[in-house]
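These notes concern the structure reproduced below.
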There are 2 protein chains.
Amino acid sequence: MARIDIGRVFYALGDPTRRAIVDRLSAAPSSVSRLAAPLEITVTAVAQHLAVLEECGLVKTEKVGRVRTCRIESAGFDALQGWIAEHRTMWERRLDALGDIVDEE
Amino acid sequence: MARIDIGRVFYALGDPTRRAIVDRLSAAPSSVSRLAAPLEITVTAVAQHLAVLEECGLVKTEKVGRVRTCRIESAGFDALQGWIAEHRTMWERRLDALGDIVDEE
DNA sequence: TCGATTGTCAAGTCACCACTTCACTATTTT
DNA sequence: AAAATAGTGAAGTGGTGACTTGACAATCGA
């Protein structure tokens, strides 16, 4: 299991087309051209997006015959959730520590 | 409470400098120029990043006198967590539904 | 084996965004 | 009042990334 670059995950999900792909794959696995159909872009463009999503552990693909089947992968989501949890506790602990005192230098 | 565009949140966090800002603000509130110091960019650039972070509910700022104080805001994080939870349940429910049967047309 | 389907590779185009500079305003300190 | 501090606004530049096209490879159905 390769370590995941959280920056790439955010970057990947920053693009609306890639989020649309993730949406569809969350509902059901799909081939590349089936993903391309509703989005109005070329199959090539979709393949490029898939490479980005795969690189950061959000999607896993497998080619059988001439069809590449794409599925959601949890690793990227796990990394995301971890990042949020980390930051949340970081600042919530701070808020707990001092009632509402301001911080110095 | 304005509704948050999850796309903007991902976009905002896709940039390493903005993540660095969020990191620092998670630890403690800060002024604009204090944020700029360790990052090797101009105060102007930092202000631009802050505008992005503020727009999507990750940061809240308040100007008192000539100093603008920046703090973490939870709205953006809440939206993030919601998005992840949504997608996670979407595909996990699917996995539960059918043992390991493939899906048709 | 021929044609259609599914995807890949390489290269190019165009818009956008992170950053800069420079001029400026407002507040605080001496 | 003068000088220093903190930030804002407008405009420009360069690099990156989302897309395209066109040529190709491999697999599948007739």
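Fair warning: this is a prediction, and the values are worked out from it, not measured in the lab. Below, chains carry the letters A, B, ... as their sequence lines are ordered, and counting in each starts from 1.
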Between [N] ([atom2]) and [X] ([atom1]): distance, integer Å:
X: B:Tyr11; N: D:dA18; atom1: OH; atom2: P; answer: 12 Å
X: A:Leu39; N: D:dT20; atom1: CG; atom2: P; answer: 11 Å
X: A:Leu35; N: C:dT8; atom1: CG; atom2: P; answer: 12 Å
X: B:Glu62; N: D:dG7; atom1: CD; atom2: C1'; answer: 15 Å
X: A:Leu53; N: D:dA18; atom1: CG; atom2: C1'; answer: 13 Å
X: B:Leu50; N: D:dA6; atom1: CG; atom2: P; answer: 16 Å
X: A:Glu54; N: C:dG7; atom1: CD; atom2: P; answer: 13 Å
X: A:Lys63; N: C:dT8; atom1: NZ; atom2: C1'; answer: 7 Å

Joint hydrophobic cluster, B:Leu13 plus A:Val52, side-chain heavy atoms closer than 4.5 Å
no

Results of side chain to side chain contact (heavy atoms under 4.5 Å, CB included) for A:Ser31 - residues two or more places apart only
A:Ser33, A:Arg34, A:Val67

Please round to the nearest 0.5 Å and tell me the distance separating atom OG1 of B:Thr61 and atom CD of B:Glu54.
3.5 Å

Report the end-to-end axis angle of the helix from C:dT1-D:dA30 to C:dT30-D:dA1; each axis comes from five terminal pairs, and the value is rounded to 10°.
30°

For B:Arg88 and A:Ser74 the tightest heavy-atom approach is NH1-CB, 4.4 Å

Which atom of A:Ala79 lies closest to which atom of A:Ile4, heavy atoms considered:
CB-CG2, 3.9 Å

Quick one: what's the B/S/- string for nucleotides 19-30 of chain C, heavy-atom cutoff under 4.0 Å, read 5' to 3'?
BBB-----BS--

Scan residues 62-81 of chain B for pairs that pass ring pair (Phe, Tyr, Trp, His ring centres under 6.0 Å), counting only residues two or more places apart or in two chains.
A:Trp91-B:Phe77

Looking at side-chain heavy atoms only, is the closest gap between B:Val9 and B:Trp83 below 4.5 Å?
no

Side-chain atoms of residues 38-49 of chain B: list all donor-acceptor pairs with protein atoms under 3.5 Å, sequence neighbours left out, distances to 0.1 Å.
residue : atom : partner : partner atom : Å
B:Thr42 : OG1  : B:Ala45 : N            : 3.4
B:His49 : ND1  : B:Arg18 : NH1          : 3.1

side-chain hydrogen bond (donor to acceptor under 3.5 Å, both in side chains) contacts in which one or both residues fall within residues 4-14 of chain A, not counting sequence neighbours
A:Arg8-A:Glu55

Would you please confirm or rule out a distance under 4.0 Å between OP1 or OP2 of C:dT8 and any side-chain N or O of A:Arg68?
yes

